[in-house]
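So the structure is just underneath, and the comments pick up after that.
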Amino acid sequence: MPELPEVETIARALREGGRGAGPIVHARVRSACVLWPPTVAEPGPRAFERLAQGRVITGVARRGKYLLLHLDAGWTALVHLRMSGDLQVLPTEAMLPRHTRLYWDLDDGRRLVFDDPRKFGRWWLTQNPQSILAPLGPEPLAPDFTPQALAQRLRGRRARLKALLLDQRVIAGIGNIYADEALHRAGLHPLRPANTLSPDEIAALWQALRQVLQEGIARNGASIDWMYRGGEFQNEFRVYGRAGQLCYTCGTPIQRVRVAQRSTHFCPRCQPWPSE
DNA sequence: CCTGAAACCTGTCTGC
DNA sequence: TGCAGACAGGTTTCAG
C-alpha cells in the first residue's frame, strides 16, 4: 500500500480525523500490547509496552514512508508500513482485525491498531528518531526540493533511473507505483542511466514526480485489490499494472520488465530509449 | 558504485 | 476441487 501519498493520507487521518475516527492527538496511551514481537524493531517488545504506557500523543507527522507519532517526555514512535501494514483507530470493544500485530489502548475508549498481514512492518520507540531517519534523502514535496536539487541527487550516478527513484537515500517516499507513473509522465525510459539526462529531462522528471505525488495525496492514495483503504489514485494509473494494455497517450501496448527486482511498467513509444 | 539474488511473510489469482 | 507457481505498494544484507 504505502508510498508517500498513502502514508501521508494515514498521517492526516490520525492528525485531523478521518477514515471513520477522530484525531488521536492529545490521547494518552493507557496500555500497549505487542502480539507479534518482531514488529518492534526497538526496543524489545516488553520494554516497548512499558515505555509507551502513560505517554500522551502530541503530534503526528510523516518523513518519507515513515509515520511519526510524537509523544510527550521526548519519545517518538516511528512506524514503517512496508508492504501490507495499516493503522486504524477502533473502539476498544471492537473485534481486532485478523492480522493485528500490536495495538495501543487509549484513555478515551479507542484503540490504535496496527494490522499487517505480511509481518514486514516495523515500529521503533525512541528518543532519537534522527538515528533512524538520517539516511533518508530529501522530501520531494518540500519547497527546497527544486529541479536543481533533483539534478544534484542524480549527478554522477550511473544506475538506472528506476532503481535510483526507489532508493530512499536519493529521494524519500517514492515507491514502485509512483516511480513508474512519474517516469511515464516525464517521458523517460526506466532503464536510462541517471547521469545521461539533459537539464530539460531532469526538469520534466521533477515536474512529473511532484505532480504524481500531489495528485496521489489529493486522491487519498491508491487502493489495490484486497488492500483497499479508500483512496482513488488507482483510477489515474497510466502504466502501473497495465502490461499489455494500450497506452492512453499513443496506443502502444504497455511493456513490463524487471528492474531492481521490481515490476516496471512503461510505454516503449512515449518513453523511448534515446539511441532511437 | 552497481547489479542481482535471497530473505523476511501471508494472501490472492491463474493455469493445469 | 486441488495444487503449484507467480505475484504483490518495501527494505536489508550479501556476493560478485
Side-chain angles (χ1 to χ4, degrees), chain A residues 1-11 35-42 62-67 78-87 97-102 114-124 131-137 140 153-183 190-196 209 212-213 215-217 219-244 256-265:
Chain A
M1 263 178 284
E3 302 182 33
L4 187 156
E6 288 75 29
V7 180
E8 180 67 27
T9 298
I10 293 175
L35 300 177
W36 174 256
T39 295
V40 181
E42 175 189 333
R62 177 194 60 75
R63 173 78 173 97
K65 298 174 192 172
Y66 289 84
L67 202 86
L78 296 182
V79 184
H80 200 303
L81 276 24
R82 295 280 175 93
M83 292 287 261
S84 62
D86 189 20
L87 279 171
R98 196 221 271 277
H99 304 289
T100 300
R101 305 306 175 195
L102 71 76
F114 181 63
D115 187 61
D116 182 25
R118 290 179 71 179
K119 298 178 173 175
F120 290 163
R122 291 293 179 269
W123 284 56
W124 294 256
S131 64
I132 293 139
L133 303 176
L136 292 180
R153 303 302 289 171
L154 302 182
R155 190 167 301 145
R157 303 296 301 262
R158 281 172 296 178
R160 301 146 161 173
L161 260 187
K162 172 70 183 281
L164 283 192
L165 290 180
L166 293 178
D167 186 339
Q168 301 302 296
R169 296 166 301 184
V170 176
I171 307 170
I174 313 288
N176 207 34
I177 289 178
Y178 292 89
D180 281 4
E181 293 299 319
L183 287 170
L191 297 180
R192 286 276 296 280
N195 62 358
T196 65
L209 282 170
V212 126
L213 294 171
E215 194 175 346
I217 291 172
R219 309 250 173 196
N220 297 313
S223 310
I224 295 192
D225 303 338
W226 49 289
M227 309 297 257
Y228 179 75
R229 19 161 346 89
E232 295 296 336
F233 187 70
Q234 69 279 6
N235 300 323
E236 311 300 323
F237 290 173
R238 299 187 191 172
V239 286
Y240 183 83
R242 297 194 64 240
R256 186 168 75 131
V257 295
R258 205 84 181 162
V259 185
Q261 325 282 94
R262 313 298 298 281
S263 278
T264 296
H265 315 74

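Sequence lines set the chain letters: A, B, ... in the order given, protein chains first and strands last, and positions in each chain run from 1.
Side-chain N/O atoms of His99(A) include one lying less than 4.0 angstrom from OP1 or OP2 on dG11(B). Remark: Arg160(A) is in phosphate contact with dG4(B), judged by side-chain N or O atoms under 4.0 Å from OP1 or OP2. An OP1 or OP2 oxygen of dG9(C) is reached within less than 4.0 angstrom by no side-chain nitrogen or oxygen of Lys65(A). Distances shown here put every side-chain N or O of Arg157(A) at or beyond 4.0 Å from the OP1 or OP2 atom of dT3(B). Checking the phosphate oxygens (OP1, OP2) of dT10(B), a side-chain nitrogen or oxygen of Lys119(A) falls inside 4.0 Å. When the side-chain nitrogen and oxygen atoms of His80(A) are compared with OP1 and OP2 of dG10(C), none of them lie within a distance under 4.0 Å. Taking only side-chain nitrogens and oxygens, Ser84(A) never comes nearer than 4.0 Å to OP1 or OP2 of dT10(B). Phosphate contact (OP1/OP2 of dG9(C), side-chain N/O of Tyr178(A), threshold under 4.0 Å): absent.
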Inset, instruction - For Arg122(A) and Thr39(A), run side chain to side chain donor-acceptor pair (under 3.5 Å): C-alpha distance rounded to whole Å, both residues' side-chain angles, the deciding distance at 0.1 Å, then the answer. - result: CA-CA 5 Å; Arg122(A) 291 293 179 269; Thr39(A) 295; 5.0 Å; no
Inset, instruction - In sequence, state the C-alpha distance, the side-chain angles, and the governing distance for His99(A) and Asp115(A), and then conclude on side-chain contact (heavy atoms from CB on, under 4.5 Å). - result: CA-CA 5 Å; His99(A) 304 289; Asp115(A) 187 61; 3.4 Å; yes
Legend entry - side-chain contact (heavy atoms from CB on, under 4.5 Å) between Leu81(A) and Asp86(A), worked out: CA-CA 6 Å; Leu81(A) 276 24; Asp86(A) 189 20; 5.8 Å; no
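Residue whose closest nucleotide on DNA chain B sits further toward the 5' end, between Gln261(A) and Arg122(A): Gln261(A).
Taking only side-chain atoms of Ala159(A), from C-beta outward, the nucleotide of dT3(B), dG10(C), dG11(B) with the closest atom is dT3(B). Across dG9(C), dA8(C), dC2(B), the shortest atom-to-atom separation from the side chain of Arg118(A) is found for dA8(C).
Taking atom CG of Leu4(A) as the reference point, atom P of dG10(C) lies 12 Å away to the nearest angstrom. The CG atom of Leu161(A) sits 15 Å away from the C1' atom of dC2(B) (whole-angstrom rounding). Note: CH2 (Trp36(A)) to C1' (dC8(B)) measures 10 Å, nearest angstrom. One interatomic measurement links the two molecules: CZ of Arg169(A) to P of dT13(C), which rounds to 11 Å at whole-angstrom precision. Rounded to whole Å, atom C1' of dT11(C) lies 15 Å from atom CG of Leu78(A). We find that CZ of Arg262(A) is positioned 9 Å from C1' of dA8(C), with the value rounded to whole Å. If you measure from atom CG of Leu166(A) to atom P of dG10(C), you get 7 Å, rounded to the nearest angstrom. Remark: P of dG9(C) and CG of Leu165(A) are 15 Å apart, rounded to the nearest angstrom.
The side-chain ring of Phe120(A) is stacked on the base of dC8(B), judged by centre separation under 5.5 angstrom and plane angle under 30 degrees.
Glu232(A) places no side-chain N or O within donor-acceptor distance of the main-chain N or O of Ser223(A), the cut-off being under 3.5 Å. Side-chain atoms of Glu215(A) do not come within 3.5 Å of backbone N or O of Phe233(A) as any donor-acceptor pair.
Nucleotides dC7(C) and dG4(B) place their P atoms 16 Å apart, quoted to the nearest Å.
At the heavy-atom level, Arg256(A) lies under 4.0 Å from the strands shown only through sugar-phosphate atoms.
In this structure the side chain of Tyr66(A) reaches within 4.5 angstrom of the side chain of Ile132(A), judged on heavy atoms.
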